[in-house]
Amino acid sequence: MKEKTELAHIGRRPEWTNGIVNPPVYRASTCLFEDFAAFERANRDPDAGLYYGRRGTPTHWALLEALVALEKGGAEGWLFPSGLAALSGTLLALLKAGDHLLVPDSAYGPTRHFTANILPRYGIETSFYDPLAGEGIAADFRSNTRLVLVESPGSLTFEVQDVPAIARVARAHGALVVADNTWGAGGLLCRVLELGADVSVHACTKYVVGHSDAMLGAAIARPQVADRLRTHVFATGWTAGPDDAWLALRGLRTLEVRLKRHEAQALEIARWLEERPEVERVLHPALPSCPGHEIFVRDFRGACGLFGVVLKHGRYRELAALVDGMKLFRMGFSWGGFESLILPVDPAPIRTVRPWPAQRALLRLHVGLEDTDDLKEDLAAALERHEAALAGGS
Ligand SMILES: *Cc1c(COP(=O)(O)O)cnc(C)c1O
């Protein structure tokens with residue numbers, strides 16, 4: 001089946017839907033066994049059917065079947081209550097005391113916090129590497145490096161990573177590669193397992209749910225690591241609410257059309273911003289000004305609606321006039337919903353390997369499904385407010 005057909009049909013097994021189009025929300029803790037023999041059968045093979053709510057219901061299975069099918073090269077997947085839980089859960093499943101982990105300097109902030117500050121308590125050591133290192137990452141490997149995290153493009157700064165090159169080096173050192181593929185939107189924009197990753201982690205909270213109203217994470221693994229992840233996920237008790245799984249499945253059905261619109265509108269706004277006198281640089285992977293653009297062209301099948309804008313004037317502290325008074329681009333963290341968002345960000349204090357110049361004001365934009373004329377009007381007024389405030393303040 002082609003991808004668009006999969007999006008419409010996958011996960012709708014008759015035994016899960018009972019003849020309606022969508023699998024319903026199965027809310028369950030207890031699942032009842034008919035008799036002693038059925039109880040014994042279930043104990044021998046708990047994954048054969050309903051066993052206990054924590055191991056999932058047809059609502060969860062339908063979503064997982066779809067997510068695994070979309071992330072080409074994936075064998076099995078698990079749901080988590082958030083994207084961050086999927087990431088931390090995957091790392092804990094694959095690492096042990098004494099191991100060393102490599103994390104890109106451009107990683108999602110909470111990922112950075114977990115790996116730098118929490119993992120050391122378990123005897124797991126993290127060091128950060130240049131997201132643009134490519135094969136040069138070999139210099140960062142130690143004798144106990146067991147895992148490399150990739151996140152492409154990077155959070156806030158959008159460096160596109162050479163995942164195939166990094167995966168080749170990792171393989172040569174006997175290390176695994178875990179990818180945060182959230183920007184890649186459930187595998188639709190980036191088939192990161194085919195690029196060499198062993199596990200693809202998604203914050204389904206973003207584009208899969210797509211409506212800013214649920215938290216959910218997923219990890220999709222290649223067959224070689226599926227056993228380790230399955231054992232760990234069940235042993236540690238990760239699970240997700242059936243209502244959230246259902247919202248994600250509902251979102252997935254329209255993911256492709258939404259993404260196409262986000263992509264087109266974000267590119268239109270990004271190109272328009274490039275022409276604005278207030279803008280220094282646009283960090284959009286599909287534009288040549290983005291670090292790693294040539295890798296994006298090689299490895300990605302499209303772009304989503306999230307990108308960065310570097311302003312010519314002002315610092316992070318001077319962005320109040322710009323963001324206060326926005327009509328459509330509102331401030332908030334989670335992106336991937338239908339609405340536009342703006343976030344003033346400052347990567348400078350957290351970077352340790354590839355420094356971000358502190359004097360540069362950076363905005364993260366998510367372009368939603370509104371009319372682009374209205375969005376441009378909102379942004380133009382914001383950029384003018386910003387310049388006026390700087391002129392007034394100097
Ligand atoms: C939002 C995000 C996460 C975390 O997902 P939550 O569902 O918010 O926990 C992880 N990685 C990236 C790149 C994200 O943008």
Side-chain angles (χ1 to χ4, degrees), residues 63 67 71 77-92 101 103-116 118-119 128 131 148-161 163 177-190 192 197 199-220 238-241 243-245 247-248 251-252 255 259 262 266 283-285 292 296 300 303-308 331-337 339 341-343 345 347 350-351 362-368:
L63 173 63
L67 289 172
E71 189 64 90
W78 301 272
L79 295 177
F80 297 79
S82 71
L84 184 58
L87 225 131
S88 63
T90 298
L91 293 180
L92 284 170
L101 158 74
V103 175
D105 206 20
S106 51
Y108 178 63
T111 299
R112 195 175 177 112
H113 173 59
F114 174 75
T115 54
I118 307 298
L119 283 181
F128 293 90
V148 181
L149 191 68
V150 294
E151 184 189 324
S152 180
S155 273
L156 309 186
T157 44
F158 297 92
E159 297 90 340
V160 185
Q161 296 198 259
V163 174
V177 176
V178 171
D180 182 334
N181 198 19
T182 300
W183 199 92
L188 255 68
L189 302 180
C190 180
V192 82
V199 184
S200 173
V201 173
H202 303 288
C204 300
T205 308
K206 310 289 166 59
Y207 280 115
V208 175
V209 166
H211 295 72
S212 309
D213 49 10
M215 306 290 304
L216 196 74
I220 315 296
W238 288 115
T239 185
D243 295 273
D244 298 329
L247 283 169
L252 204 63
L255 179 58
L259 271 178
H262 283 291
L283 300 173
H284 187 305
F296 174 82
F300 282 71
C304 66
L306 191 81
F307 63 95
M331 269 190 291
F333 286 114
S334 186
W335 43 278
E339 81 289 11
L341 296 169
I342 191 167
L343 209 62
V345 292
I350 54 171
R351 303 285 290 239
L362 175 63
L363 296 165
R364 190 190 73 179
L365 294 186
H366 178 252
V367 173

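Remember, it's 1-based here, ligands and their atoms both numbered in the order they're listed.
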- Measure the spacing between CH2 of Trp183 and CZ of Phe307 and express it to the nearest 0.5 Å.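 With rounding to 0.5 Å, CH2 (Trp183) is 10.5 Å from CZ (Phe307).
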- Query: At what distance, to the nearest 0.5 angstrom, does CG of Leu363 lie from CG of Leu156?
  - Reply: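 Those atoms lie 11.5 Å apart.
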- Donor-acceptor pair between Thr157 and Arg351 side chains, under 3.5 angstrom: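 Yes, a side-chain donor-acceptor pair sits under 3.5 Å.
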- Message: Could you report the tightest heavy-atom contact between Glu151 and Ala107, atom names first, then the distance?
- Response: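 Residues Glu151 and Ala107, closest heavy atoms: OE1-CA, 3.4 Å.
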- Message: Heavy-atom contacts with ligand 1 below 4.0 Å: which residues, ordered by chain and residue number?
- Response: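 These residues qualify: Ser82, Gly83, Leu84, Tyr108, Glu151, Ser155, Asp180, Thr182, Ala203, Thr205, Lys206, Met215, Trp335.
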- Task: Using the test side-chain hydrogen bond (donor to acceptor under 3.5 Å, both in side chains), find all partners of His366 that sit at least two apart in sequence or belong to another chain.
- Result: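 With sequence neighbours excluded, His366 shows a side-chain hydrogen bond (donor to acceptor under 3.5 Å, both in side chains) to Tyr207, given in chain and number order.
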- Item | Test side chain to side chain contact (heavy atoms under 4.5 Å, CB included) applied to Val178 and Leu149, Leu87, Val103, the passing residue |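 Of all the options given, the one that passes is Leu149.
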